[in-house]
Number of protein chains: 2
Amino acid sequence: MATSSAAALWYFESVNLYHILCPHKVKKMGDKHEFIRYKKDDFIYVPEDAASNIYLIVDGRIKIGHYLEDGKEVVSSILTTGEIFGELALAGEDTRRDFAQAMCEAVICPLTIGELQELMFENKDLSFKILKLIGLRLMKLERKLELLVFKDARTRVIEFLKDTAAWKGQRVGFETMIPTKLTHKDIASLTGTSRQTVTTILNELKEKNLINFDRKKILIRDIDNLK
Amino acid sequence: MATSSAAALWYFESVNLYHILCPHKVKKMGDKHEFIRYKKDDFIYVPEDAASNIYLIVDGRIKIGHYLEDGKEVVSSILTTGEIFGELALAGEDTRRDFAQAMCEAVICPLTIGELQELMFENKDLSFKILKLIGLRLMKLERKLELLVFKDARTRVIEFLKDTAAWKGQRVGFETMIPTKLTHKDIASLTGTSRQTVTTILNELKEKNLINFDRKKILIRDIDNLK
DNA sequence: ATAGCCCTGTCGTCTGCACGACATTATATA
DNA sequence: TATATAATGTCGTGCAGACGACAGGGCTAT
């Protein structure tokens, strides 16, 4: 179908700011190359914090999410090395509405929006890259919304697997291996389903020999025939 | 609650590009001020069209949405005078994934992304405004996602009424009047519920004297006590 | 006018899946 | 190596809300 073949590519595009930013930063700000190290479960920021930085993940896994009034945690994404978060600060967010938390030992490189805006003034290409970055986030979110609202739990989990496979998986022949420490609870939160449902669906897929998984990885037998 | 009082403002912020763009356009491009007139149900663009323009609504109401594989229409928003659409073209969208359709006679001012990028090169402020515009869309979408996924149908409809009231309503004393020709089906699509459910909820609220409505408007008695 | 169409209102029915409860098995920690 | 803690697997129950069906009311067009 046109929607998923023609349109598939944009979805996995990414804007690699890391390579653009870090050299600049080094050049411009001397060797003030700052890294911050976080321990497991440390928060990089929490709601109501001033949104004064964006962050590049140098190493580790970061969970982005927020809390509902009843205290329940909602995970909106889990990011790893090379990815960026907190970018809404650039688009005018003044105080954080979400939180960012290290899921393990992590190293983060922060950039103040001041610095970044300065860089953007000089480097028009960078401005467009950032615009693209945020636009991409918007498109992804639209897709997620559609998935969550119009598809049943099973489809949501499957699409999540496919997306993750395309994003982080290593393909060998027909099989795609996703190294991941995501728990069923994480997947549930990411797909807007309950933990039990995820367990059931995953086992059903394993049963049918469409996937296999253990606590360290998920293996998709044939990504094009997963449905 | 902190979430809805402190954070309420950003949500209704808008970036008025119209006033920034049109003068520029006039100055720069001579009097090549182009307007296109659409009749009811005309499409401004449809999926797979090249995404080469962004559009300012001069007059009329435009529906933005897309189609599911089964042909069902999903409305993502309904925009009116002064608002902008198609802005993802700026962020790297090459072909449209959604459609834009006139809901009545409408006048639209198109700008090619080429033109706009030129303007952005000269006018840094404009670049930031656009970044902000897209960032704002992103935040709105995040809110919508949360609403759709974690709230029940009743809350969704109520929040929709509140948002729309804040956005387009005219407040007189305690009452807020929303002039609108939205059908229950439209509201259903916008809130991710079924038409019947919308009808029922709206009538329940009318019953309780919290709102009143007919085919032309919705009247909210006391927006702060609507729940 | 009058025919046709879409909008609104109100039923039941049926189902996906959340959620609690619990057993079982891994993993972290002492 | 033992023990606490968290992750997984599998029930049953309950219910929000989608959906089909149909009836009446209001626009619109001819």
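Values below: every heavy atom of this structure, side chains too, minus hydrogens, waters and symmetry copies. Naming convention: chains lettered A, B, ... in sequence-line order (proteins, then strands); numbering from 1 in each chain. As the structure is a computational prediction, the values presented were derived from the model and not from experiment.
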Check the distance between [N]'s [atom2] and [X]'s [atom1] and give it to me in whole angstrom.
| X | N | atom1 | atom2 | value |
| --- | --- | --- | --- | --- |
| A:Leu205 | D:dG9 | CG | C1' | 15 Å |
| B:Lys217 | C:dC7 | NZ | P | 19 Å |
| B:Glu204 | C:dG9 | CD | P | 14 Å |
| B:Leu202 | C:dT10 | CG | P | 12 Å |
| A:Ile187 | D:dA7 | CD1 | P | 12 Å |
| A:Lys40 | D:dA6 | NZ | C1' | 10 Å |
| A:Lys185 | D:dA6 | NZ | C1' | 9 Å |
| B:Phe150 | D:dA16 | CZ | C1' | 17 Å |

Quiz item: What is the per-nucleotide protein-contact pattern of nucleotides 11-30 of chain C, from the 5' end, where B denotes a base atom under 4.0 Å from a protein heavy atom, S denotes such proximity for sugar-phosphate atoms only, and - denotes neither?
Solution: ------SSBBB----SS---
Is [X] salt-bridged to [Y], going by a charged N under 4.0 Å from an acidic O?
| X | Y | answer |
| --- | --- | --- |
| A:Glu87 | A:Arg137 | yes |
| B:Arg97 | A:Glu146 | no |
| A:Lys140 | A:Asp163 | no |

Practice problem: Could you note down all residue pairs passing ring-ring contact (aromatic ring centres under 6.0 Å, His included) where residues 198-227 of chain A supplies at least one of them, sequence neighbours left out? | Solution: A:His184-A:Phe213
Exercise. Quick one: which residue pairs count as a ring-ring contact (aromatic ring centres under 6.0 Å, His included) with a foot in residues 72-112 of chain B, not counting sequence neighbours?
Key: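 Qualifying pairs: B:Phe43-B:Phe99, B:Tyr55-B:Phe85, B:Tyr67-B:Phe99.
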Exercise. Would you check, one step at a time, whether the test side-chain hydrogen bond (donor to acceptor under 3.5 Å, both in side chains) holds for B:Thr155 with B:Asp152?
Key: CA-CA 6 Å; B:Thr155 310; B:Asp152 61 18; 2.6 Å; yes
Quiz prompt | Residue A:Thr183, side-chain atoms from C-beta onward, closest of C:dC7, D:dA7, C:dG9 | solution = D:dA7
